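Everything below concerns the one structure shown next.
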Amino acid sequence: MTVHDLVPDPAPAPASGAGEPAPAPMVRAEAVRKSFGRLEVLKGVDLEVGRGEVVCLIGPSGSGKSTFLRCINHLERLDGGRLWVDGQVVGYEQRGTRLHELGDKEICRRRTEIGMVFQHFNLFPHMTVLENLVEAPRRALKESRAVATERAEKLLRQVGLQDKSSAYPRHLSGGQQQRVAIARALCMQPKLMLFDEPTSALDPELVGDVLEVMRNLAGSGMTMVVVTHEMSFAREVADRVVFFDGGQVVETGPAHQVITDPQQERTKTFLAAVR
């Protein structure tokens with residue numbers, strides 16, 4: 001069964017004035033479903049993320065936030081609905097009136113355009129910080145060592161780790177490793193950044209430096225989707241907050257409004273428990 005069988009093609013984008021169509025959102029999800037065995041984790045999620053927008057996904061553990069993030073990057077295959085990133089159907093291409101699943105090589109190529117930072121840093125332990133950063137651009141983008149190194153060194157300065165380029169991950173704190181992971185993702189020059197609870201594995205005193213890097217990235221205009229339990233960060237940095245529960249979007253709106261004056265009872269109950 002193809003995704004085409006489950007959801008009709010999207011309607012044309014509305015006009016933005018003067019006869020020009022509105023730009024397509026960076027991420028668009030329609031009726032997204034995902035199950036693991038008999039457990040339905042996503043139950044028809046509809047969501048859009050505009051270009052340059054920072055959206056934080058909040059909600060209890062097991063509500064589907066991280067699974068949705070992995071679906072955006074095609075790390076999980078949908079069981080229903082459709083997802084688009086930058087106007088392209090995630091994991092598929094359209095031929096005539098039907099969708100066909102992409103081969104592994106093309107999926108990997110498209111995935112290079114989406115940066116993802118996980119809870120755990122997933123750095124290569126046998127490589128130095130600099131080697132961790134230049135490996136993917138050299139292999140996937142076929143860049144020269146000089147070009148990849150120049151960008152890597154610039155990004156290490158931006159995350160405050162320019163003096164750690166020759167260090168190995170085991171010699172870094174958890175917060176430093178996570179900042180390296182962010183710089184590594186940015187080395188691929190992605191159009192979209194996904195963060196899956198990037199501070200949850202850190203000691204409390206290490207969280208601030210990672211969040212500061214993310215604040216600066218948001219300020220640069222990067223489109224970001226962030227799964228987080230850091231409510232102060234979401235309120236300060238996000239353009240919009242989306243509350244997940246039970247595999248569904250329960251409430252969405254401007255960050256300050258959702259966090260300080262939620263409209264749904266389930267959102268109120270959750271926020272009262274985490275404050």
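All values reported here derive from a predicted model rather than from experimental measurement.
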(message) Just verifying a value: how many Å separate Gln88 CD and Trp84 CH2, rounded to the nearest 0.5 Å?
(response) 13.0 Å
(message) For a salt bridge (charged side-chain N to carboxylate O under 4.0 Å, His left out) check, start with the C-alpha distance between Glu30 and Arg82, then their side-chain angles and the critical distance, and finish with the verdict.
(response) CA-CA 5 Å; Glu30 288 189 356; Arg82 283 199 203 177; over 6 Å; no
(message) Would you say Val227 ends up clustered with Val85 if hydrophobic residues are merged whenever their side chains have heavy atoms under 4.5 Å apart, either directly or through other cluster members?
(response) yes
(request) Please report the C-alpha distance between Leu194 and Asn73 in whole Å, then the side-chain angles of each, then the deciding distance to 0.1 Å, and finally whether the side chain to side chain contact (heavy atoms under 4.5 Å, CB included) criterion is met. (result) CA-CA 9 Å; Leu194 309 176; Asn73 212 10; 4.1 Å; yes
(message) Once rounded to the nearest 0.5 Å, what's the spacing between atom CD of Glu236 and atom CG of Leu211?
(response) 9.0 Å
(request) With sequence neighbours excluded, give me every salt bridge (Lys or Arg N to Asp or Glu O under 4.0 Å) pair touching residues 58-71. (result) Arg70-Glu76
(request) Would you check if Leu57 and Phe68 make a side-chain contact, meaning some heavy-atom pair closer than 4.5 Å? (result) yes
(request) Determine the minimum heavy-atom distance between Pro60 and Asp245, stating which atoms define it. (result) CG-OD1, 3.2 Å
(request) Using the six-membered ring of Phe36, assess whether NZ or CZ of Lys34 lies under 6.0 Å from its centre and within 45 degrees of the ring axis. (result) yes
(request) State, yes or no, whether a side-chain contact exists between Pro262 and Leu271 at a heavy-atom distance under 4.5 Å. (result) yes
(message) Would you say that Pro198 contacts Gln119 through its side chain, given a criterion of any heavy-atom pair below 4.5 Å between the two side chains?
(response) no
(message) Would you say Met222 ends up clustered with Val117 if hydrophobic residues are merged whenever their side chains have heavy atoms under 4.5 Å apart, either directly or through other cluster members?
(response) yes
(request) Following the transitive rule for hydrophobic clusters with a side-chain heavy-atom cut-off under 4.5 Å over Ile, Leu, Val, Met, Phe, Trp and Tyr, establish whether Leu47 and Met193 coincide in one cluster. (result) no
(request) Quick one: closest heavy-atom pair of Val90 and Cys71, and the distance? (result) CG1-O, 3.7 Å
(message) Looking at every heavy atom in both Thr267 and Glu251, which two are closest together, and how far apart are they?
(response) OG1-OE1, 2.8 Å
(request) Could you tell me whether the side chain of Arg170 reaches within less than 4.5 Å of the side chain of Pro125, counting heavy atoms only? (result) no
(request) Could you tell me whether the side chain of Arg179 and the main chain of Val159 form a donor-acceptor pair under 3.5 Å? (result) yes
(message) Other members of the hydrophobic cluster containing Leu102, with the 4.5 Å side-chain heavy-atom rule, please.
(response) Ile107
(request) Taking Gln177 for its side chain and Gly174 for its backbone only, find out whether a donor-acceptor pair lies under 3.5 Å. (result) no
(message) For Glu131, is there any backbone N or O sitting under 3.5 Å from a side-chain donor or acceptor partner on Thr128?
(response) yes
(request) State yes or no: do Phe124 and Leu130 share one hydrophobic cluster built from I, L, V, M, F, W and Y residues joined by side-chain heavy-atom distances below 4.5 Å, directly or via other members? (result) no
(request) Flag the pair Arg77 and Glu101 as a salt bridge only when some basic side-chain nitrogen lies within less than 4.0 angstrom of an acidic carboxylate oxygen. (result) yes
(request) Could you grab the distance from atom NE2 of His126 to atom OH of Tyr168, nearest 0.5 Å is fine? (result) 9.5 Å
(message) One thing to verify: whether Arg33 and Asp79 come together as a salt bridge, which I'm taking to mean a side-chain N less than 4.0 angstrom from a carboxylate O.
(response) no
(request) Using a 4.5 Å cut-off on heavy atoms from C-beta on, say whether the side chain of Arg51 contacts that of Asp86. (result) yes
(message) Show, in sequence, the C-alpha distance, side-chain angles and deciding distance for Asp239 and Val55, and conclude whether the side chain to side chain contact (heavy atoms under 4.5 Å, CB included) test is met.
(response) CA-CA 6 Å; Asp239 298 298; Val55 173; 5.9 Å; no
(message) As an exercise, state the distance from OG1 of Thr252 to CG of Asp46, rounded to the nearest 0.5 Å.
(response) 11.5 Å
(message) Test your reading of the model: is there a side-chain donor-acceptor pair from Ser35 to the backbone of Gly37, 3.5 Å cut-off?
(response) no
(request) Measure the spacing between SG of Cys56 and CD1 of Ile58 and express it to the nearest 0.5 Å. (result) 8.5 Å
(request) Search all heavy atoms of Leu42 against all heavy atoms of Val45 and return the closest pair with its distance. (result) CD2-CG2, 4.1 Å
(request) Would you kindly check if the NZ (Lys) or CZ (Arg) of Arg184 is within the cone defined by 45 degrees around the ring axis of Phe121 and under 6.0 Å from the six-membered ring centre? (result) no
(message) Is there a path of hydrophobic side-chain contacts, each under 4.5 Å between heavy atoms, that joins Val237 and Phe243?
(response) no
(request) Report the C-alpha distance between Val129 and Leu156 in whole Å, list the side-chain angles of each, state the deciding distance to 0.1 Å, and finish with yes or no for side chain to side chain contact (heavy atoms under 4.5 Å, CB included). (result) CA-CA 9 Å; Val129 166; Leu156 286 174; 3.7 Å; yes
(message) Assess the residue pair Ile72 and Met116 against the criterion (side chain to side chain contact (heavy atoms under 4.5 Å, CB included)); give the C-alpha distance rounded to whole Å, side-chain angles, the decisive distance to 0.1 Å, and a yes or no.
(response) CA-CA 10 Å; Ile72 294 175; Met116 189 159 184; over 6 Å; no
(message) When you compare the side chain of Leu217 with that of Leu186, does any pair of heavy atoms fall below 4.5 Å?
(response) yes
(request) Please report the closest heavy-atom contact between Glu48 and Glu53, naming both atoms and the distance. (result) O-OE1, 4.3 Å
(request) Look at the rings of Tyr92 and His74 and say which category their plane angle falls in: under 30° parallel, 30 to 60° tilted, over 60° perpendicular. (result) perpendicular
(request) State the CD-CG distance between Gln178 and Leu172, to the nearest 0.5 angstrom. (result) 12.0 Å
(message) Using a 3.5 Å distance criterion without hydrogens, assess whether the side chain of Ser200 forms a donor-acceptor pair with backbone atoms of Glu197.
(response) yes
(message) So Val207 and Glu205, do their side chains get closer than 4.5 Å, heavy atoms only?
(response) no
(request) Flag the pair Glu40 and Lys43 as a salt bridge only when some basic side-chain nitrogen lies within less than 4.0 angstrom of an acidic carboxylate oxygen. (result) no
(message) Could you report the tightest heavy-atom contact between Val134 and Ala152, atom names first, then the distance?
(response) CG1-CB, 3.9 Å
(message) Can you tell me if Asp163 has over 12 outside heavy atoms packed within less than 6.0 Å of its CG?
(response) yes
(message) When you measure from the side chain of Asn132 to the backbone of Leu123, do you find a donor-acceptor pair of N or O atoms at a distance under 3.5 Å?
(response) no
(request) Decide yes or no for Val32 and Leu83: does some side-chain heavy atom of the first lie under 4.5 Å from some side-chain heavy atom of the second? (result) yes
(message) Looking at Glu113 and Arg110, is any side-chain nitrogen of the basic one under 4.0 Å from a carboxylate oxygen of the acidic one?
(response) no
(request) Enumerate the residue pairs fulfilling side-chain hydrogen bond (donor to acceptor under 3.5 Å, both in side chains) with a member in residues 133-161, sequence neighbours excluded, ordered by first and then second residue. (result) Glu135-Arg139, Glu143-Arg151
